[in-house]
Amino acid sequence: MFDFFTVIDRERARNLSSVTLAFVGDAVYSLYVRERLVISTDFKTGELQKLTSKQVSAHGQSELLEKLIPAFTEEENDIYKRGRNAKKSTRSKNASVAEYNRSTGFEAVLGFLYLTGQYKRIEELLDVNDEN
C-alpha cells in the first residue's frame with residue numbers, strides 16, 4: 001500500500017534523476033500557487049487558472065529564481081544545477097531554452113525538498129516571493 005506524504009532519505013532522493021525530481025517539484029509548485037491563490041483571493045476559476053499559469057510557467061519560475069538562488073543551501077544549489085543541466089526529452093513551447101532549463105532546476109529542488117519531507121524549507125523559499 002502507498003502512503004501519501006511518504007518521506008524518503010536524502011541519499012535516495014539524491015539518487016533519483018533530476019528530471020524525476022522536477023516532475024514531482026512541478027506538482028508541488030503548482031499546488032502551492034493554486035492553494036495560495038484560492039486562500040488569498042475570491043477569483044473565479046478562469047482567473048485563478050490564468051494567474052496560476054503565469055506563475056507556474058517556465059518564464060515565471062525563471063524570474064522567481066533570481067530571488068531564490070541566493071537563499072539556496074549548498075545542497076539545494078547542487079540539485080538546482082543538476083536539474084538545470086539535465087538532458088530533457090521535451091522542450092517548452094512558450095519559453096526560451098535557458099528559462100526552461102532554469103525552471104527544471106527550480107522544480108528539481110522543490111521535488112527533492114518535498115520527497116525528503118522538508119516542507120518548512122519549501123515554505124521558507126517560496127515565502128521569499130511573497131516578501132517582495
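Under a hydrophobic clustering in which Ile, Leu, Val, Met, Phe, Trp and Tyr are joined whenever their side-chain heavy atoms come within less than 4.5 Å, directly or via other members, Leu64 and Leu31 fall into different clusters. In the hydrophobic clustering of ILVMFWY residues, with side-chain heavy atoms under 4.5 Å counting as a link, Phe5 and Val28 come out together.
For Tyr80 against Phe106, the heavy-atom pair with the smallest separation is CD1-N, 3.7 Å. Between Gly83 and Ala108, the shortest heavy-atom contact is CA-CB, 4.2 Å. Counting all heavy atoms, side chain and backbone alike, Leu125 lies closest to Leu68 at O-CD2, 2.9 Å.
The side chain to side chain donor-acceptor pair (under 3.5 Å) analysis of residues 38-49, with sequence neighbours excluded, yields the pairs Gln49-Ser53. Within the structure, salt bridge (charged side-chain N to carboxylate O under 4.0 Å, His left out) contacts touching residues 110-121 (residues at least two apart or in different chains) are Glu76-Arg121, Lys120-Glu123, Arg121-Glu124. Pairs of residues two or more places apart, or lying in two chains, that qualify as salt bridge (charged side-chain N to carboxylate O under 4.0 Å, His left out) and include a residue from residues 12-25 are Arg14-Glu75, Arg14-Asp78.
Between atom CG of residue Leu126 and atom OH of residue Tyr32 there is a gap of 5.0 Å, rounded to the nearest 0.5 Å. Rounding to the nearest 0.5 Å gives a distance of 13.5 Å between CZ of Arg84 and CD1 of Ile79. Interatomic distance, CG of Asp127 versus CZ of Arg36, reported as 9.0 Å (0.5 Å rounding). Of the inter-residue distances, the one linking Asn101 atom CG with Lys81 atom NZ reads 14.5 Å to the nearest 0.5 angstrom. Note: Leu110 CG to Glu107 CD = 7.5 Å, rounded to the nearest 0.5 Å.
For CZ of Phe72, the number of neighbouring non-hydrogen atoms (other residues, nucleotides, ligands) closer than 6.0 Å is greater than 12.
Among residues two or more places apart in sequence or in another chain, the side chain to side chain contact (heavy atoms under 4.5 Å, CB included) test is passed with Ser17 by Val19, Thr20. Residues that satisfy the side chain to side chain contact (heavy atoms under 4.5 Å, CB included) test with Glu66, not counting sequence neighbours, are Arg102. Not counting sequence neighbours, the partners of Tyr119 by the ring-ring contact (aromatic ring centres under 6.0 Å, His included) test are Tyr114. Contacts of Leu16 classified as side chain to side chain contact (heavy atoms under 4.5 Å, CB included), with partners at least two apart in sequence or in another chain: Ile8, Leu21, Leu115. Under the salt bridge (Lys or Arg N to Asp or Glu O under 4.0 Å) criterion, Lys50 pairs with no residue at all, not counting sequence neighbours. Listed by chain and residue number, nothing satisfies the side-chain hydrogen bond (donor to acceptor under 3.5 Å, both in side chains) test with Asp26 (two or more places apart in sequence, or in another chain). Residues satisfying the side chain to side chain contact (heavy atoms under 4.5 Å, CB included) criterion with Thr116, sequence neighbours excluded, are Arg10, Ala13, Phe112, Gln118.
Glu99 places no side-chain N or O within donor-acceptor distance of the main-chain N or O of His59, the cut-off being under 3.5 Å. Although no hydrogens or angles enter the test, the distance criterion places no donor-acceptor pair under 3.5 Å between the side chain of Glu63 and the main chain of Gly60.
No side-chain heavy atom of Ile122 sits under 4.5 Å from any side-chain heavy atom of Val109. Gln61 places a side-chain heavy atom less than 4.5 Å from the side chain of Val56.
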